[in-house]
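Read the numbers this way: they start at 1 and go in the same order the structure lists the ligands and their atoms. Each residue takes its place number in the sequence, starting with 1.
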Amino acid sequence: MQSNNISNQLDLKAEIQRLKRELNAIILAHYYQESEIQDIADFVGDSLELAKKAKSTSADVIVFAGVHFMAETAKILNPEKLVLLPDLEASCSLAEGCPVNEFKTFRENHPDHIAITYINCSADVKALSDIICTSSSAEKIISQIPLDQPILFSPDRNLGKYLIKKTGRKMLLWDGSCIVHETFSERKIIDLKIKYPEAKLISHPECEEPILMHSDFIGSTSRLLSFIQEDFSTQYIVATETGIIHQMKKAAPQKEYIPAPPEDDSCSCNECPYMRLNTLEKLYLCMKNKYPEISLEEETRKKALLSIERMLAMS
Ligand code: 13P
Ligand code: SF4
């Protein structure tokens with residue numbers, strides 16, 4: 001019987017550490033998790049690094065502090081391990097916007113195209129794809145595809161448009177987007193650039209084209225983090241989910257990070273509502289209850305594994 005009552009006397013962080021030892025567990029966290037979760041994790045990274053870490057770990061249990069498609073990827077790579085996700089509702093607008101039946105039709109309508117699919121999708125969609133990519137590996141993967149081979153790129157049209165420009169390849173794009181990266185206001189960012197003329201605008205490639213056009217640097221979460229450490233500027237306007245700023249402040253505390261503002265002042269739309277469903281309490285509970293866990297049909301898992309392994313080999 002699972003109990004979700006937590007005594008307010010409980011030292012949650014100490015209990016999580018104790019359960020980690022008891023379960024021989026590893027906690028993997030994405031940069032968009034709240035700061036306390038990032039700080040208790042064994043490893044914090046971008047999607048590609050997290051997939052690589054999930055593949056190489058010797059732990060028996062993987063506790064995934066991220067969203068569902070990330071935990072699913074860990075399970076695809078580790079069918080024998082228990083993979084826990086603090087909140088099963090932690091989805092992603094890109095994964096939600098690419099239902100498997102519609103994706104299947106998309107593929108069937110273009111039988112001569114290879115399907116390169118962004119990792120932000122369900123295991124079912126991965127199983128129907130040829131190669132998975134992440135924002136940090138997409139360019140390298142596309143550059144290895146023969147020039148006469150037509151490509152379908154799904155499900156992020158903004159990342160897709162950016163990659164078409166970067167690689168010079170024509171690709172047919174699925175019409176999906178990230179609700180967080182589409183929230184940034186071009187007008188307010190221009191105002192910030194005027195107010196802070198020394199600040200560099202650094203953006204995730206899931207942002208819309210006008211934001212990317214104004215950007216001084218574009219990259220995956222990990223690349224944004226390394227950029228601010230190598231670059232000589234002291235102020236940055238950060239056009240991605242605000243969770244990454246926690247690691248930026250740790251890596252270069254002397255610098256200033258200004259979150260890129262959403263159009264709507266009254267919302268926290270630059271925080272991912274899916275990522276933020278995970279809390280320290282839910283992290284503790286999922287380890288205590290060994291639930292919720294990720295489970296997959298073996299046939300889907302095996303097919304999805306092929307497309308993920310192609311990504312790992314080509315990245
Ligand atoms: P990264 O692979 O850059 O960490 O991106 C993951 C993501 O979901 C961005 O919204
Ligand atoms: Fe998905 Fe966007 Fe959240 Fe990333 S930030 S998990 S792409 S909804």
Side-chain angles (χ1 to χ4, degrees), residues 28-34 37-38 41 43-54 64-74 85-98 116-122 125-126 132-141 153-160 162-163 166 174-184 202-208 211-212 215 217-228 238-248 259-260 262 267-278 308 311-312 315:
L28 304 182
H30 188 263
Y31 293 118
Y32 298 165
Q33 293 293 281
E34 62 178 53
I37 294 183
Q38 292 189 40
F43 181 80
V44 187
D46 72 4
S47 308
L48 182 65
E49 292 163 340
L50 287 165
K52 286 184 172 167
K53 199 71 186 172
F64 216 111
V67 288
H68 194 270
F69 77 80
M70 296 178 174
E72 239 179 15
T73 303
L85 179 66
D87 192 321
L88 276 186
E89 299 291 308
S91 181
C92 165
S93 64
L94 282 166
E96 299 277 309
C98 190
I116 302 183
T117 310
Y118 192 33
I119 198 164
N120 297 39
C121 65
S122 67
V125 168
K126 286 186 176 76
I132 299 305
C133 70
T134 66
S135 53
S136 56
S137 59
E139 221 179 300
K140 193 168 174 192
I141 288 172
F153 186 84
S154 313
D156 189 350
R157 64 164 182 266
N158 293 317
L159 176 63
Y162 168 73
L163 290 166
K166 283 292 278 187
W174 182 273
D175 192 17
S177 63
C178 162
I179 48 168
V180 179
H181 289 87
E182 277 203 338
T183 200
F184 302 119
I202 58 170
S203 310
H204 195 280
E206 286 176 15
C207 291
E208 290 179 307
I211 306 294
L212 296 181
S215 299
F217 182 77
I218 300 165
S220 76
T221 48
S222 282
R223 295 227 172 119
L224 296 179
L225 184 58
S226 16
F227 179 76
I228 59 98
V238 183
T240 191
E241 217 274 4
T242 54
I244 186 79
I245 293 177
H246 178 59
Q247 294 297 332
M248 290 178 171
C267 73
S268 308
C269 309
N270 48 13
E271 287 183 5
C272 174
Y274 302 106
M275 288 276 182
R276 303 301 177 123
L277 282 176
N278 295 331
I308 292 175
M311 165 183 81
L312 294 174
S315 322

So H68 and L88, side chain to side chain contact (heavy atoms under 4.5 Å, CB included) or not? Walk me through it. CA-CA 7 Å; H68 194 270; L88 276 186; 4.1 Å; yes
[Y] and [X], any side-chain heavy atoms less than 4.5 Å apart:
X    : Y    : value
T221 : E241 : no
V180 : H204 : no
Q33  : M275 : yes
S154 : C121 : no

Any donor-acceptor pair under 3.5 Å linking the side-chain atoms of S93 with those of Y274?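 The answer is no; no qualifying pair exists.
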Would you check if there is a donor-acceptor pair between the side chains of T134 and S136 at a distance under 3.5 Å?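 There is such a pair (donor and acceptor under 3.5 Å, judged by atom type) between the side chains of S136 and T134.
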For [X], atoms of ligand 1 separated by under 4.0 Å from a heavy atom:
X    : answer
H204 : 1 (P), 3 (O), 5 (O), 9 (C)
D46  : 1 (P), 2 (O), 4 (O)
H181 : 10 (O)
E206 : 7 (C), 9 (C), 10 (O)

Measure the distance from [atom] to every protein heavy atom, then report the residue, atom name and distance (to 0.1 Å) of the closest one.
atom                    : answer
atom 2 (O) of ligand 1  : S47 OG, 2.8 Å
atom 2 (Fe) of ligand 2 : C178 SG, 2.3 Å
atom 3 (Fe) of ligand 2 : C272 SG, 2.4 Å
atom 8 (S) of ligand 2  : S93 N, 3.5 Å

Short N/O distance, under 3.5 Å, between S135 and ligand 1?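 Checking ligand 1 against S135, an N or O pair does fall under 3.5 Å apart.
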Can you check whether S220 has an N/O within less than 3.5 Å of an N/O in ligand 1?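 There is no such contact.
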Please enumerate all residues that pass salt bridge (Lys or Arg N to Asp or Glu O under 4.0 Å) together with E72, with sequence neighbours excluded. none
Presence of N, O or S from H181 under 2.8 Å of atom 2 (Fe) of ligand 2: no
Among T134, N120, I179, which residue places a heavy atom closest to atom 8 (O) of ligand 1?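 It is N120 whose heavy atom sits nearest to atom 8 (O) of ligand 1.
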Are any of the heavy atoms in [X] under 4.0 Å away from ligand 1?
X    : answer
Y32  : yes
R223 : no
E241 : no

Heavy-atom pairs closer than 4.0 Å: do any link ligand 2 to the side chain of D156, the backbone, both, or neither?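 Within the 4.0 Å criterion, D156 makes no contact with ligand 2.
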Where on E241 is there a heavy atom closer than 4.0 Å to ligand 2, on the side chain, on the backbone, on both, or on neither? neither
Main-chain N/O of [Y] paired to [X] side chain as donor or acceptor, under 3.5 Å:
X    : Y    : value
S315 : M311 : yes
Q38  : Y31  : yes
T183 : I179 : no

Start with the C-alpha distance between T73 and F64, add both sets of side-chain angles, then the distance that settles side chain to side chain contact (heavy atoms under 4.5 Å, CB included), and finish with yes or no. CA-CA 10 Å; T73 303; F64 216 111; over 6 Å; no
For L94, take its heavy atoms, then give the atoms of ligand 2 lying under 4.0 Å from any of them. 7 (S)
Quick check on contacts: which atoms of ligand 2 are under 4.0 angstrom from a heavy atom of E206?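 Atoms satisfying the 4.0 Å criterion: 2 (Fe), 7 (S).
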Is C92 close enough to atom 3 (Fe) of ligand 2 to have an N, O or S atom under 2.8 Å? no
